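Quick caveat, the model's predicted, so the values are computed rather than measured. Below, all heavy atoms of this structure are taken into account, side chains as well, without hydrogens, waters or symmetry copies.
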Amino acid sequence: MVALAEDGQDPAAGGWNEANGAWLMLRMGPVTRTEVAAHLGITPDLFTKRHRGIEKVRAGLFPSHKNAVPYMLLLAAWTGIVPDGLTGLEMPGIRWAGRQATLLSYTKGRTAEESLALSPRASRLLEQWVQHSALLRRHAPAELAEHVWLVTRQGKLARAAFEEYMMRGCVKAHDLRGDDGQLLPIDRRRLRTTFIAQRGHRQWSLRATVDPNHSPEVEGDHYLSAATSAQKAVVEEIARDAQGDLLRRASAPLVVDEMASAAGLPEEVQRLGLAKGALAELLSGERDVFSGACADQFAGLHGPKGQPCPARPWVCLLCPLALFAPRHLPNLLRLKAFFARQFRQMPRGQFGAVFAPYARRLSADILPRFEKAAIAAAQRDVGDEDAELPLRAEETTS
C-alpha cells in the first residue's frame, strides 16, 4: 500500500481510488469516511455510494486491534509480562542494546517499576511491531504517541486493549481450535504462570517449583521436608558436599616451578593433607595424570571414595588436588585448543554450561602463571587435533 501511494495523488484533484486514497492517508493519517468526504467537497452519503475501499486502504497502512492482539499475545507468552504491565508499555521504556538485546521497562500493578532483558525472538517481535506502527505513530497526538500499542479504531487512533473479549475476537478471527475441535480459550491471566512453568522445565530457577503458584519456601516446607532423622542426615550431607565443592572451586590453582621442593611449599602440604614425601612425588611426575599431577587419585572427589578418579582431563583444571608444572604445558595447551574447537561448533549456551568454567580457569588462572617463553616452547608441540587428547567418541570435534 505504501508503494501504491507513490503513484497516487490528491484525490481532490485526481479522484478517489486506492492509490490516491493511500496518498491521502499517508499525509492525513487514518481518516474516516466523513473526513475524506469533506476533503473531496461532497457529503458522506454521496462518498459512500460512489466510492469503496477506504477500509482496505486504512488496514493496509495502519495496524488495528486485529493486528495488535497477536503481537501482545506472543510477547506475553515469550516474556511472562503481566497483562497490565504489557498493556501499559510506553516507547521510552524500550531500550535497544544492539540487534539481539532489548531492555524493557514496565509497570506491574501490584508492585512497581520492573525491567526485563528480552530474548532475541521477543526483541525481534517488539521491533517488528514498532516498525508496523511507525506510520500511524507519525499522526498520533502527544498523549498517544508514547504508547507502544497504538492502533486504529473506526478511523480514530486509540490504545490497543489486551482484554478477554479481545482474546475471543482474535481466536475467532484466526479460527484457533484446541485438540477437542472447539475454539481455543485463551486466559491472559494464565500466560505468565504458563511461561514460568515452561521456563522451570527448561532450566533451574528460583521459581522452578512443583506448583508455579507457590514460592520455593512454601514448596520446600510442604514437599521437600525431611521426615526422618536418616533423611535429614542425607540432606545435610548433600549440603555439606555442595558447600565444599564451592569452596574447592574458589581455591586458587597450585602452579609450581620445576625447581620447587616440598620444603618450599609447607602451606600446600598442609592444605592438601599430604603424607611425608607425597609432594616430592608430585613434583617429580610420579603422580602425573593428563593435564597435571594429582595429590590423591583415590580421594573420591569425582567418583566413589577409594576408587581411581574417573574425571575427564579438563576436570582437573578446577580440582583442588591438581598441581600444574611447566612439564604439563603441552597438554594444557592442547586442552585450550580443544576448548576453542568446541566453542566454534557448539551452541554458546551449551558450551557455557559444559566447558566454560574449565576454559576460563585455564586461560585466566593457570597459563598466566607460567613464563611466556615456556608457553611458546610448548606451543610448538601442539598440533590442534583431537588425536592429542584421550577423548570419547561423543567428545570429538572433527
Side-chain angles (χ1 to χ4, degrees), residues 1-3 5 22-32 35 55 57-167 169-170 173-174 186 188-189 191-192 195-196 199:
M1 197 60 70
V2 172
W23 183 94
L24 180 67
M25 289 193 189
L26 279 181
R27 287 154 180 80
M28 294 183 61
V31 291
T32 63
E35 292 170 318
E55 290 84 3
V57 175
R58 191 165 57 215
L61 290 173
F62 309 114
S64 64
H65 266 91
K66 183 176 67 175
N67 306 120
V69 168
Y71 277 100
M72 300 172 79
L73 185 61
L74 270 180
L75 195 60
W78 289 351
T79 62
I81 298 177
V82 292
D84 56 342
L86 189 67
T87 304
L89 288 181
E90 295 187 349
M91 295 299 294
I94 304 175
R95 282 177 282 175
W96 308 104
R99 296 186 59 83
Q100 294 293 321
T102 306
L103 185 63
L104 186 63
S105 299
Y106 62 96
T107 301
K108 185 176 178 182
R110 289 176 297 173
T111 55
E113 283 285 331
E114 295 194 7
S115 61
L116 177 69
L118 300 186
S119 64
R121 66 174 182 175
S123 296
R124 290 193 296 269
L125 180 71
L126 189 58
E127 182 180 10
Q128 183 176 328
W129 169 256
V130 172
Q131 294 173 352
H132 194 168
S133 59
L135 291 176
L136 182 61
R137 206 170 301 279
R138 295 179 189 173
H139 305 283
E143 64 272 14
L144 288 176
E146 298 299 331
H147 292 293
V148 171
W149 307 110
L150 190 63
V151 297
T152 60
R153 183 184 294 170
Q154 298 178 348
K156 301 293 184 180
L157 280 78
R159 294 172 57 185
F162 192 45
E163 305 294 342
E164 298 300 336
Y165 75 93
M166 294 305 303
M167 294 292 100
C170 176
H174 296 280
I186 299 178
R188 66 191 183 100
R189 297 168 300 180
L191 288 171
R192 179 176 173 82
F195 167 79
I196 293 173
R199 184 183 63 183

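- Taken from CG in L74 to CG in L126, the straight-line distance is 12.0 Å, to the nearest 0.5 Å.
- Here the CD-CZ distance, from E90 to R159, works out to 7.5 Å after rounding to the nearest 0.5 Å.
- Shown here for H132 and P63, the closest heavy-atom pair between the two residues is O-CD, 3.7 Å.
- Atom CG of N67 and atom OG1 of T152 lie 8.0 Å apart (nearest 0.5 Å).
- In plain terms, the two heavy atoms of E146 and P92 that are nearest each other are OE1-CD, 3.1 Å.
- Side chain to side chain, T87 and D84 fail the donor-acceptor criterion of an N or O pair below 3.5 Å.
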> What do the steps show when you test H65 against R153 for side chain to side chain contact (heavy atoms under 4.5 Å, CB included), and what is the final call?
Replying inline: CA-CA 7 Å; H65 266 91; R153 183 184 294 170; 2.9 Å; yes
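- Here the side chain of W129 pairs no donor or acceptor atom with the backbone of M72 at under 3.5 angstrom.
- Considering every non-hydrogen atom in both S64 and V151, the closest pair reads O-CG1, 3.6 Å.
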> Can you list the steps and then say if L135 with F62 is a side chain to side chain contact (heavy atoms under 4.5 Å, CB included)?
Replying inline: CA-CA 7 Å; L135 291 176; F62 309 114; 4.0 Å; yes
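- Of all non-hydrogen atoms in L144 and L157, the two that sit nearest each other are CD1-O, 3.8 Å.
- In plain terms, the two heavy atoms of H174 and P70 that are nearest each other are NE2-CG, 3.9 Å.
- Counting all heavy atoms, side chain and backbone alike, L89 lies closest to W149 at CD1-NE1, 3.9 Å.
- A donor-acceptor pair under 3.5 Å is formed between the side chain of E35 and the backbone N or O of T32.
- Between the CG atom in L118 and the CD1 atom in I94 there is a gap of 8.5 Å [rounded to 0.5 Å].
- Contact annotation: the side chain of E127 approaches that of Q131 to within less than 4.5 Å [non-hydrogen atoms, C-beta and beyond].
- Put simply, the side chain of R137 gets close to the backbone of V148: a donor and an acceptor are under 3.5 Å apart.
- Here L61 contributes atom CG and L136 contributes atom CG; the two are 10.0 Å apart, rounded to the nearest 0.5 Å.
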